[in-house]
Each structure stands twice: as structure tokens, then as C-alpha cells.
Amino acid sequence: MQSENPAAACGACPIPIEDYPHIVMAHGGGGELSRQLLDKMFKPTFANPLLANEHDGAVIPRPGGKLAFTTDSYVIQPLFFPGGDIGKLAVYGTVNDLAMCGAKPQYISLAFILQEGLPMQTLWNVVNSIRVAAQETGVQIVTGDTKVVEKCGESGLFINTSGIGIIEHNLTIGPAAVQTGDVIILSGDIGRHGMAVMALREGLEFESQISSDCAPLHDIVKHILAAGINVHCMRDLTRGGLASALVEISSSARKQIDIAEDAIPVREDVRAACELLGLDPLYVANEGRFILFVPQSETVKCLEICHAHPQGHDALVIGRVSDTTQAVVIAGNAIGGQRVIRMFSGEQLPRIC
Amino acid sequence: MDYSAKYRDAAAIKQVIHAIRSLSTRKWPIMEICGGQTHALLKYGIDELLADAVELIHGPGCPVCVTPLEMIDKAILIAAQPDVIFCSFGDMLRVPGSAQDLLAVKAAGQDIRIVYSPMDALNIAQKNPDKRVVFFAVGFETTVPAIAMTVYRAVRENIRNFSVLVSHVLVPPAMQALLSAPDCRIRGFLAAGHVCAVMGFHEYIPIAQKFNIPIVVTGFEPLDLVQGIYLCIKQLEEGRFGVENQYARSVTEQGNIPAQSLMSQLFAPVDRKWRGIGVIPASGLQLKPQYSSWDAEKLFTLENMQVNEPEICISGLVLQGLKKPPQCPAFAQQCTPEHPLGATMVSAEGACAAYYHYRTNQSVPLSDKAHV
């Protein structure tokens, strides 16, 4: 398993709450123990002037222009996995959602739901991971909340983050801006996060350890926008994978999308794990990949910027938007065959044979 | 994995497709037995690329699809017992019984676990001695050896809180039943490579002779599939009816003898009901009487339970190759993977689910669509 102790890795102090080795109900009760958690753990860790105001909400300066606002909840099991943990995901996920709106992520709220019995050390590790991820992505955690629920099975924690980002350009980015002829760029290989988590959760052992692709996308997006690329739409690939992102955009934009299935990079160990379990990598979760819809004329320039960035080093064109109004995604292959890509119903379940 | 890349090589596949087109003088109706093959054919669009040369009829080789309704209901009854941990391969959880599916039972709080191997279920039994652990033993000959080995270990180690709900089915009796039907249109078979890896292909030789039908043991990669189709059509065009082995890298005539002997040590043939088709004589396996202490149907006294299937769905005709999924009026309308009416829409390997996932039900034919 990935180090259970990112705190050590990031040089953080020892656990600041010594008298309670586990979370108890009173840590969410609004009394002294809640205050202790806030004062000893959260506020020093995420220290910033807005949080220091100790108000019911953060009062943030009003920027010029438009804001992007998003929210997401994180319920992943296990909490720590190769390549990341729930804290990192909670920051990156919200940062990435803001980045996909073309916004510069600024402020994040952080709400914990903890189960009683959760080791204080686990919480501390997650909190430190959040601190590191927030520093890395330049966001401030300006408000938050903690609740504790009764233990039910294994003790865990859930996180909700909301985020605000500033839009510093005049583009309209979203499915409605997708145009016929747009080229679709994928930022790299797919399926690593989903298979990393599944391998760990199910106790599957492969020859090589698959690490999550968990990564922040705000910086690569910043570079793309700063270069003046006329981005029509972006979408990070999370649950449901590449397939679901394409189907959602095709459906919202009322456009047909054609992709070249053989072009889509899937690492061999990920592909092998998927085949073993009967899963389609197009539907497997990612946490650090995105697709971009750009005009054909800007493809080369956009790829150059991506290739110069660690999050887009292997970016490539996987398809384009076709000249029909049929909202359908079609994958062509090298032998000339085609299939329709649909939303997956329910969740992908491993097959018998 | 250069190994599988070799069998996905576009140039080689195109070459065989071209050879099939040149060879075939009519549109031969050929059945691929296995649901895995159905999915690969539709995923790669091979059925459409060969539409002039072959009509691919999708056979009943999906264990999830053919598991009878009453067996799902039995699984649900067992899983609902408070002291039971019910273990299953993942895709059985979504199969609707007459009232609900196992996912709903799980959501209601019962302990239902997805396992990747029956041995995992046995380990769960050892770790939870105060629980009764039941494994849902579903599948063709491919999955039987692993389950036989698990029961063998449970017997040897006297693990008494473990049992199996057996719904195994066998391919050759189903092929004979299909070929014996008066309206049978099948002129050739692609036999399921993985089943033959266990069982060999000697069982198919008398079938090919009796029914004058070519049978080609075929793998699951696109090159395997087009090669299997090629060999089958070549026999048909030349008027030969024999068993050929396209999947020689995994399959021998006699198969895996140690696996077969373990299977026959623990299991005996039984008449088995197939969802959508009905009872086929000697088409299933059940645990031999001396192992009844590990037989969940006996332990939970569910042997006499009978459930009738809903009339509305044509999945039986689809499984027999008499109808194609889009010919069903409910297809992609009332019947979808979210709300399956029949077995063939339930499983990811079912023919209706394959059409739903890989083919548009809208009016524009795929061949008119632009390539990237």
C-alpha cells in the first residue's frame, strides 16, 4: 500500500491531538472537542488570512469578471492508494473542475464527515495531504465543517469540497461552444486511477503496481489559455471514464463525435488488468486526464503546449466533431469496424469469463 | 503484451476479411456460441465488415443469460438469510429475479460480496466461521474446474460453513438441442475456445458428423474470430463437415485432463433449465450426492422451487438465433440494460446488451458515418 503517512513525506509536524487516538462523536458535536480539532489541526494546517477571520463563512474580495463555482464529494475506499489519497483527490478534483471551466482556482471549502473510531492519525495524514495539494495548486482553504457519524462497519471519512475560481479570459468554454470540425485532444493514457483503486480494493496482484494518474490540471490549462488557444470545451475524465465524458458532451452539444479507438493510449498493465476483469478501459475512472475540444487550425499549437507540460506530455488527437446533428459517439478501429459508445448503465461489474 | 497485439493486427485481420469475402458465395448463417465472442465481433464491427459473406447468429454461450430465473430467486432467498455471506462473480448481481436482483438485496443490508475466484469465497468462509458462506457457481465448462477445486478443498479440509449454489451448464448438449430444433437455420459453429481449452474438442466430432455441420474451435481476439469464420466458410463452400481447431495455441483435442477428472469426481450431469430456452437434457452439472453437505440447494431446501419466465421477452428466440435483438419491439424501448426484461439484455455478454452497447438503434446505418 502507498505510504499511510504522507505527513512524514511532506515534513509535517507530529499529530497535534494526542489525547484522542480515535475520532469520537463529540469531535462533531460543536463543543470543546470540535473546537480542539479546529484550533489544533485545521486552522494551523490551512492557515490563511480568510480562514483566520473565524467567521461563519469566508468573506472574499470580489474580483472583476466571471467566477466559476463547483462542488464535489469524495467517498473513495481505500482512503490511501498508489499514487494518491482521498485528501489529494478532494483538492485536485475541485481544482480540476474549476480548471475545466477555464477558471483559475482560488478558494476551496472543506467539509469532513468522519466516522467515529477513525484513527486520529489517519485524519491527520489526510489533512496534511490536503495541505500539500492546496499549496501545490495555489488554492486557499477558507471555510470548512466537520461532522461525526456513528460507526458503521469500518471507520472512514468522507470529504466535500466546493471551489471558486476566477475566469480571466473572454472565451465561452463548455459543450454549447463545441463546433463541427473541432478536434478532440486527450491529455494522455487512460484508466490508471480506476484500476489502481480496484486492484487495491479487491486485493488483486499484478506484476507491476498500477498507480493512480491523480494530478492537478489547472497549470496545463493555464498554459493553454495563456497561449490564446480558442478552447471550445474541456472535460476532466473522472467516474465513467473517457467514454462517459464524450457521450455527455456529444449529448449536450447535439453533435456527433467520431473517435479512433486504436489511438487511445492505455498502458499495457492497465489493459491487461481490464481484460482480466472484463472491464472496458474507456469506462474506467481517471483523476488526472482531460479532453479538449479545439478548432482544427489550433491543433498543432495546442499539442505543442500540452507536450511541454508534465500533465500533457503524451497528449494526442483522438477524434473530431462530425458534421451531423446526431448526438452519438462512434469509435472506429483500424480494421474499419465501428461501434457506438454509450453511457454505461450502473457500474461496470467484473465478468464471469 | 505483444502476445495479444499479434491477434489484433489490423493488416492481418483485413487480409482474412478479404479472403472470406472472396471465398463466400452466399451469406452463410454461422453461430458463435460464446457471449465473449459475440461482444468481440460487435465491438470490432466484424459482423458489419462481413455482412455480405456471413450472417452471425449469436448463441446461448453467456452463462449469466441462460441461468434460469428460479436459480436467481434461489440465490436471492439464500442471500437474504441473516447468517449468510453470499459470494458471486460480479455480473450475476444485476440479473433480475422475478421480484428483485442481488444488488437490491445487497443495498438492503445483506452481506453480498463480489469475488474473482471461488477460492476467495472459501477463504471468506474460513475467516467467518459463524457465518454460512455460499458461492454462486455459475458458468460453462470454463469455470467448473475452479469451482470443483474449491469444493474439493472444502471437503478435504472439512470446511462445513461453505457451500455452492450450482447452476453449471454444458455446451455440447445445447448445440445438439439447437440443431435438433425443426426451424434451425445454423449451418456452422464457432465453438467457444475457452470451453474447449478445458474440455478439448473430441465431444464435437460426433456432433459435426451427425448434423453435417462444420465446427471450428475459435479464440476471442479479432484475428481469431475472422480466422474461425474463414475456416468455417471454407468447409461450407467445399462441402466438408468436420471439426477444426483455430485456437490451437490454447486448445488440444483432449483438453485439460486433470481438470476434467476433478470435474467428474465432484459433479454429475443433470437436466438443466436454460433461461429463454427451457430444459435441455443432461445439459447441466450438479454436485454428486456424496457432496450434498456442500450443496446449497440441499442445505437451504430449495430444490423444488419453480418459477415461470415472463412471456413478453423474445430472448429465447434470440438465444436460439431465430431473432436478432433489434427485431424485438421492446429492444432499447422498454428493455434496456437499466431495466432488462430478459436475460440477453442483463449480462454484458448477452446478445441484446451487445447490440445495445455497440450498435445505434437509430436509423442511420453505421457504414454511412464518417471515419476519423
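Computed over heavy atoms, backbone and side chain alike; hydrogens, waters and symmetry mates excluded. Being a predicted model, the structure only gives us computed values, none of them experimental. Order of the sequence lines fixes the chain letters, A, B, ..., with proteins taken first and strands second; residue numbering starts at 1 for each chain.
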Please tabulate, for the side chains in residues 290-300 of chain A, all donor-acceptor contacts under 3.5 angstrom to protein atoms that are two or more places apart in sequence or on a different chain.
| unit_1 | atom_1 | unit_2 | atom_2 | d |
| --- | --- | --- | --- | --- |
| Glu298(A) | OE1 | Asn230(A) | N | 2.9 |
| Thr299(A) | OG1 | Gln296(A) | O | 2.6 |

Carboxylate-amine/guanidinium proximity below 4.0 Å for Arg8(B) and Glu275(A)
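Result for this pair is yes, salt bridge flagged.
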
Ring-face cation of Arg342(A) near Tyr356(B) (centre distance under 6.0 Å, axis angle within 45°):
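Checked: cation-pi criterion met.
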
Chain A contact via Leu42(B) - side chain, backbone, both or neither, heavy atoms under 4.5 Å:
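Contact with chain A is through the backbone of Leu42(B) alone.
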
[Y] side chain reached by [X] side chain, heavy atoms, under 4.5 Å:
X: Tyr358(B); Y: Val340(A); answer: no
X: Glu261(A); Y: Lys43(B); answer: yes
X: Ile335(A); Y: Ile46(B); answer: yes

For atom [atom1] of [X], is the number of surrounding heavy atoms from other residues, nucleotides or ligands below 6.0 Å larger than 12?
X: Met149(B); atom1: CE; value: no
X: His18(B); atom1: NE2; value: no
X: Arg239(A); atom1: CZ; value: no

Separation between CD1 of Ile13(B) and CG of Asn333(A), rounded to the nearest 0.5 Å
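Ile13(B) CD1 to Asn333(A) CG: 8.0 Å, rounded to 0.5 Å.
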
Nearest-0.5 Å distance that lies between atom CD in Gln338(A) and atom CG in Leu49(B):
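These two atoms lie 8.5 Å from each other.
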
